[in-house]
Amino acid sequence: ERPNPDLKVRKALDRAAEKAGTRFARQPLTEAAVRAAIGNSYLGIGLPAKAAAQFQRVIDLRQAALGPEHADTLTAKAKLARSFYDDGKFPEAAALQNEILAVQTRVLGAEHPATLTTANDLGDTLFEQAKYAEAAEIQVRTLAIRQRVLGPEHPDTIWSMGNLGNTYNRQGKIAEAVKLETAALALRTKVLGAEHPATLNTASNLAESYRGAGRYAEAAALQTRNLEISRRVLGPEHYQTLT
């Protein structure tokens, strides 16, 4: 049996997490930075509950040293929300994202990139809870601001288009979904290239909407092309290829 590389990483992270408190006892912000890195690594190997414990400690340390509204404290809260999201704890993630969004809107303004990122994340969480009307409301607003502030070809703007397209699909607004996803696919192809994983993901979503619209030939053509590129670029065992 092949050794699991994640197991070695996990053990190293567990050890580092155990020692961080004593090693940096008199340097709270250094401890916070180290724990944030450990938390990110836990997220990277798919251990969101362990990541959440680290980010909670980071929040405590930064709140004490910097205050609850400091950008670094809010970043740690956003990471905790991401940990909850990855762990399927969507109500907890949404509660935290709403809290962060309120502070960012007041302190940074509704059009600040960080505020827009939180709004986008909250839209994702509401989508996962099947709260499609609430998700769409946030996504429409976020997309409009991103188009104006960041420009139509910015990766975040294209991401917003795809997210809203997915929500429209789930709401049964198939024509609107196809329109948005077609535009997103054209932009992704232009900005990232036809074979980028994000482009393939957008193409996959568009195929899903074609299927919902009964446009089966177009869906099949897109899926066939996607499969060929995925096999070649990502490999036959990659989850996107299998999907």
Side-chain angles (χ1 to χ4, degrees), residues 2 4-6 40 43-48 82 85-88 90 93 116-117 119-136 138-140 142-144 146-147 150-243:
R2 282 185 300 182
N4 181 355
D6 282 354
N40 282 326
L43 279 182
I45 60 170
L47 295 171
R82 165 53 63 178
Y85 179 93
D86 286 1
D87 207 15
F90 301 122
L116 294 170
T117 297
N120 182 77
D121 292 347
L122 177 57
D124 287 347
T125 305
L126 293 167
F127 178 89
E128 292 298 338
Q129 291 177 283
K131 294 181 176 179
Y132 301 125
E134 289 176 59
I138 288 173
Q139 289 166 341
V140 166
T142 305
L143 175 58
R146 279 177 163 172
Q147 282 174 326
L150 303 175
E153 294 187 4
H154 192 282
D156 290 352
T157 306
I158 304 169
W159 195 259
S160 275
M161 290 175 81
N163 284 355
L164 181 56
N166 281 346
T167 303
Y168 280 154
N169 184 309
R170 292 293 176 89
Q171 285 183 299
K173 297 179 177 177
I174 303 298
E176 289 97 322
V178 168
K179 187 179 173 185
L180 265 177
E181 287 162 355
T182 301
L185 181 59
L187 286 166
R188 277 248 157 100
T189 305
K190 180 183 175 186
V191 175
L192 299 174
E195 300 191 349
H196 191 281
T199 309
L200 297 175
N201 187 48
T202 304
S204 179
N205 290 338
L206 176 57
E208 194 65 35
S209 292
Y210 277 153
R211 199 167 64 167
R215 294 163 67 172
Y216 300 118
E218 288 163 281
L222 206 48
Q223 287 165 336
T224 301
R225 184 166 168 271
N226 243 19
L227 181 58
E228 183 274 314
I229 295 171
S230 292
R231 275 189 180 132
R232 183 162 43 76
V233 174
L234 303 173
E237 292 185 10
H238 192 278
Y239 79 93
Q240 233 172 309
T241 309
L242 297 171
T243 303

Trainee: When you compare the side chains of S209 and N169, does any donor N or O come within less than 3.5 Å of an acceptor on the partner?
Mentor: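 Checked: S209/N169 side chains pair up, N/O donor to acceptor below 3.5 Å.
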Trainee: To the closest 0.5 Å, what do you measure between NE2 (H238) and OG1 (T243)?
Mentor: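 Answer rounded to 0.5 Å: 9.0 Å.
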Trainee: Can you tell me how far the CD atom of Q139 sits from the CG atom of L143, to the nearest 0.5 Å?
Mentor: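 Reported to 0.5 Å precision, the distance equals 9.0 Å.
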Trainee: Ignoring hydrogens and angles, tell me if any N or O in the side chain of T224 forms a donor-acceptor pair with the backbone of A220 under 3.5 Å.
Mentor: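 Pair found, side chain donor or acceptor close to backbone of A220.
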Trainee: Under the salt bridge (Lys or Arg N to Asp or Glu O under 4.0 Å) rule, what pairs show up with a residue in residues 163-178, not counting sequence neighbours?
Mentor: none
Trainee: Go through the structure and list residues passing side chain to side chain contact (heavy atoms under 4.5 Å, CB included) with T182, not counting sequence neighbours.
Mentor: V178, L206, Y210
Trainee: Sequence neighbours excluded, which residues qualify as side chain to side chain contact (heavy atoms under 4.5 Å, CB included) partners of P197?
Mentor: L234, Q240
Trainee: Can you list everything that forms a salt bridge (charged side-chain N to carboxylate O under 4.0 Å, His left out) with E128? Sequence neighbours excluded, please.
Mentor: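 By the salt bridge (charged side-chain N to carboxylate O under 4.0 Å, His left out) rule, E128 matches no residue at all.
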Trainee: Any salt bridge (Lys or Arg N to Asp or Glu O under 4.0 Å) pairs touching residues 219-232, not counting sequence neighbours?
Mentor: E195-R232, E228-R232
Trainee: If you look only at distance, which donor and acceptor atoms sit under 3.5 Å apart when one is on a side chain in residues 184-194 and the other is two or more places apart or in another chain?
Mentor:
residue, atom, partner, partner atom, Å
R188, NH1, A198, O, 3.4
R188, NH1, T202, OG1, 2.7
T189, OG1, L185, O, 2.7
K190, NZ, E153, OE2, 2.5

Trainee: Could you pull out all residues at least two apart from D87 that satisfy salt bridge (charged side-chain N to carboxylate O under 4.0 Å, His left out)?
Mentor: K89
Trainee: Going by the rule side chain to side chain donor-acceptor pair (under 3.5 Å), which residues pair with E218 if we only count those two or more places apart in sequence or in a different chain?
Mentor: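 Once residues adjacent in sequence are excluded, the partners of E218 under the side chain to side chain donor-acceptor pair (under 3.5 Å) criterion are R215.
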Trainee: Kindly write out the residues that satisfy side chain to side chain donor-acceptor pair (under 3.5 Å) with N201, not counting sequence neighbours, or none if the list is empty.
Mentor: none
Trainee: Who passes salt bridge (charged side-chain N to carboxylate O under 4.0 Å, His left out) against E208, sequence neighbours left out?
Mentor: R211
Trainee: Distance check, rounded to the nearest 0.5 Å: I174 atom CD1 versus E181 atom CD?
Mentor: 8.5 Å
Trainee: Not counting sequence neighbours, which residues clear side chain to side chain donor-acceptor pair (under 3.5 Å) with N163? List them please.
Mentor: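 With sequence neighbours excluded, N163 shows a side chain to side chain donor-acceptor pair (under 3.5 Å) to N120, D124, given in chain and number order.
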Trainee: Quick one: list whatever passes side chain to side chain donor-acceptor pair (under 3.5 Å) with N205, sequence neighbours left out.
Mentor: N166
